[in-house]
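Letters A, B, ... are given to chains in the order of the sequence lines, protein chains preceding strands, and every chain is numbered from 1.
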There are 2 protein chains.
Amino acid sequence: MVRMADVARAAGVSVMTVSNVLNERLPVNEPTRARVMAAVEALGYEVNLTARHLRAGRTDTVAFVVPSFHDYFGELADQVAPLIEAEGRHLVLERTSADAEQEMEALSVARLQMYDGVLLSVAGLDLEQLGRVRTAKPIVLLGERDVPDHLNHVRLANESGARLATAHMIERGSRRILALGCSFDAAHMMTTDRRAGWEHACREAGLAADPAYVVPVSDYTSLGAREAMLEVIASGLPFDGVFAVTDIVALGALSALADSGLRVPVDVQLAGFDNLDMSRFIPPGITSVDANHEGVAEAAVGLLHRQMSGWTGPAEHVVAPVRLVVRGSTRGGA
Amino acid sequence: MVRMADVARAAGVSVMTVSNVLNERLPVNEPTRARVMAAVEALGYEVNLTARHLRAGRTDTVAFVVPSFHDYFGELADQVAPLIEAEGRHLVLERTSADAEQEMEALSVARLQMYDGVLLSVAGLDLEQLGRVRTAKPIVLLGERDVPDHLNHVRLANESGARLATAHMIERGSRRILALGCSFDAAHMMTTDRRAGWEHACREAGLAADPAYVVPVSDYTSLGAREAMLEVIASGLPFDGVFAVTDIVALGALSALADSGLRVPVDVQLAGFDNLDMSRFIPPGITSVDANHEGVAEAAVGLLHRQMSGWTGPAEHVVAPVRLVVRGSTRGGA
DNA sequence: AGCGCACAATATATCGATAAAAAGTAGGAC
DNA sequence: GTCCTACTTTTTATCGATATATTGTGCGCT
């Protein structure tokens with residue numbers, strides 16, 4: 001490992017001069033600078049980031065902590081990365097597997113030190129656990145749960161998105177719409193808020209929002225959704241529309257519907273939430289509420305950047321707007 | 001920031017005693033140990049990982065460098081993570097956006113220091129660039145390109161996978177199969193190897209492997225594939241099967257076929273490569289060559305682990321076997 | 001010639017931990 | 001009572017950089 005001291009010796013200067021050349025902190029005479037740069041090239045020197053970090057207290061690195069590297073989070077992360085890099089910092093992803101303990105660990109002082117800032121997709125932590133998080137480190141939370149006031153937070157307009165999707169299907173003729181993967185939990189959660197939107201849309205149209213039409217999905221995978229959907233079909237419960245809590249769930253539903261000979265959108269309309277890349281291409285095209293990755297990423301990185309620049313004002317809670325993207329899985333779409 | 005020195009003062013011992021208690025290196029008397037632990041609790045002390053790293057030269061962290069956080073890589077990363085964690089280490093993802101310069105930067109000494117080992121998905125780098133990578137740091141390359149002998153490498157059996165898929169479609173009646181997203185580049189690349197497999201299968205069955213049936217796709221997105229597919233259809237080139245170089249490409253093709261009124265698998269059979277999660281659920285189910293994430297992850301982590309344990313033998317080049325998963329997009333599937 | 005000033009380069013202290021060597025403390029054997 | 005050994009604990013040096021203070025150098029001005 002070649003150190004700054006080796007470069008200094010080779011160039012016949014002090015370590016600080018090398019540091020000053022590389023960081024352009026204090027001015028260095030041109031001939032000296034050239035000698036240093038030549039030595040750097042010759043030896044192939046590269047700064048030891050760990051040492052710099054220890055001394056300077058800065059890593060120029062931001063962590064995005066996600067429950068899994070899959071799907072929604074992968075897509076969101078791809079949006080976040082360029083924004084972080086545009087500010088001269090570096091982005092790394094960490095995974096918690098939606099495990100509360102691991103999420104807390106990710107927020108532990110020890111790990112936070114490694115980064116100048118942290119974006120955390122809250123999946124497993126509840127309000128009480130998050131309330132215990134006290135740190136000076138810039139943090140922005142992402143995700144569809146309630147969070148303490150003192151932490152910055154970006155979430156989606158879940159309720160309004162679900163309402164849009166449901167209302168759209170009602171307008172196009174559906175009268176009995178399943179809320180697949182939704183729930184009645186008390187806490188503000190993604191599945192609860194989206195159910196509320198479904199309910200709202202039903203009521204608004206003068207339709208019953210029968211709790212029997214709220215169908216839970218075991219683990220929010222396509223497989224779980226497919227199985228739940230098959231059970232509903234087998235049960236004989238009449239329905240002519242499905243609002244799926246996510247596109248992943250919608251895909252499972254689509255699979256079950258196809259296998260059961262139910263035609264989309266003729267017999268059953270289908271809408272999802274997130275507008276994953278694939279949803280555009282899966283025939284007949286899945287109508288979906290766009291999760292506004294761009295807006296979410298921009299808002300989150302903006303809040304984070306502000307904190308990293310020293311801002312200490314009160315935390316903000318941003319609700320990113322969403323819009324409905326109509327495709328072939330609902331009538332009147334492309 | 002509470003340091004080890006603060007804990008030491010509170011417990012009335014030296015810094016080294018605290019270190020010894022926390023790391024269980026040298027034995028410490030029980031009463032002393034208890035006092036130290038009490039102080040740690042009381043002050044909420046957590047070790048400074050940066051300082052430890054600088055001194056101990058170990059981060060207990062492995063980086064997985066991928067071209068993008070999406071799809072294939074996200075799924076693979078989710079497989080890799082538990083294997084790394086099982087060895088008491090931590091995994092982080094970094095992104096290069098398939099940019100050769102950024103990939104080289106990810107391999108720069110400076111960034112390598114931050115990790116005990118690196119898994120690198122080679123997308124943009126060619127043989128010559130990789131040849132310049134000289135480092136003592138444990139590295140394992142992943143991906144479907146040629147790499148220098150001195151670097152450990154895990155790749156898929158691309159040629160045989162493509163052959164399996166193509167042969168399967170031929171067996172089920174296809175006679176004119178497109179190789180969508182494949183190419184004739186000289187270097188061993190994913191698109192070339194898979195084309196070779198397609199060619200091989202055609203020849204084996206006594207069919208012509210007409211270069212006109214090798215259709216490039218601009219950027220290997222579903223959108224690009226869809227457009228390429230629509231052009232082929234518009235051109236009037238007769239075909240009754242599509243081997244898509246990836247499932248993402250297959251999805252684009254499926255979209256184009258559906259919009260053109262061509263039925264899968266009745267008019268056209270379709271097979272992809274990667275067996276993404278979604279492929280199982282997209283009606284009618286996309287027949288795909290399973291990318292064997294588990295095997296790839298296991299082999300790669302195994303090679304990395306071996307290096308991190310001090311093994312210095314010659315590099316290995318593993319070709320992970322693949323298998324065909326037959327679904328509804330080819331005849332005779334589910 | 002003498003003085004001061006601007007600028008370049010160096011010396012010193014420090015970030016927070018760990019490895020290795022040294023020192024302190026008992027207890028047991030003779 | 002002395003000495004040795006075994007076990008705890010502390011001391012010292014170090015990882016590789018950066019921030020601050022200090023020293024050194026050349027030049028203009030009177």
**OP:** Let me see the working for A:Met308 and A:Arg89 under side chain to side chain contact (heavy atoms under 4.5 Å, CB included), right down to the final yes or no.
**Re:** CA-CA 11 Å; A:Met308 292 192 295; A:Arg89 269 180 278 254; 3.3 Å; yes
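Among the nucleotides C:dT12, C:dA20, C:dG16, the one closest to any side-chain atom of B:Met16 is C:dA20. Ranking D:dT9, C:dA17, C:dA20 by closeness to the B:Asn29 side chain, first place goes to D:dT9. The listed nucleotides are D:dA17, C:dT18, C:dT10; the one nearest the side chain of A:Ala51 is D:dA17. The side chain of B:Asn23 approaches C:dT18 more closely than any other nucleotide in the set C:dT18, D:dC15, D:dT10. Closest to the side chain of A:Tyr45, from the set C:dA9, D:dA17, D:dT20, is D:dA17.
The side chain of A:Ser19 contributes an N or O atom lying less than 4.0 Å from OP1 or OP2 of D:dT18. Proximity of B:Thr17 to the phosphate of D:dT10: a side-chain N or O atom is located under 4.0 Å from OP1 or OP2. For the OP1/OP2 pair of D:dT9 and a distance below 4.0 Å, the side-chain nitrogens and oxygens of B:Thr32 include at least one atom meeting the criterion.
Comment: B:Arg145 does not engage B:Asp185 in a salt bridge, judged by the lack of any side-chain N to carboxylate O separation of less than 4.0 angstrom. Between B:Asp78 and A:Arg95, at least one side-chain N (NZ, or NE/NH1/NH2) sits under 4.0 Å from a carboxylate O, which counts as a salt bridge. Comment: A:Arg306 engages A:Glu316 in a salt bridge, judged by a side-chain N to carboxylate O separation of less than 4.0 angstrom.
Heavy-atom nearest nucleotides on DNA chain D were determined for B:Asn20 and for A:Arg3, and the one closer to the 5' end corresponds to B:Asn20.
Among the atoms of the strands shown, only primed sugar atoms or phosphate atoms (P, OP1, OP2) are found under 4.0 Å from some heavy atom of A:Val28.
Side-chain to base pairing of A:Arg55 with C:dT14: one donor and one acceptor N or O lie within less than 3.5 Å of each other.
Rounding to whole angstrom units, CZ of residue A:Arg25 and P of D:dT20 are separated by 7 Å. The interatomic distance linking B:Leu49 (CG) with C:dG16 (C1') rounds to 11 Å, in whole Å.
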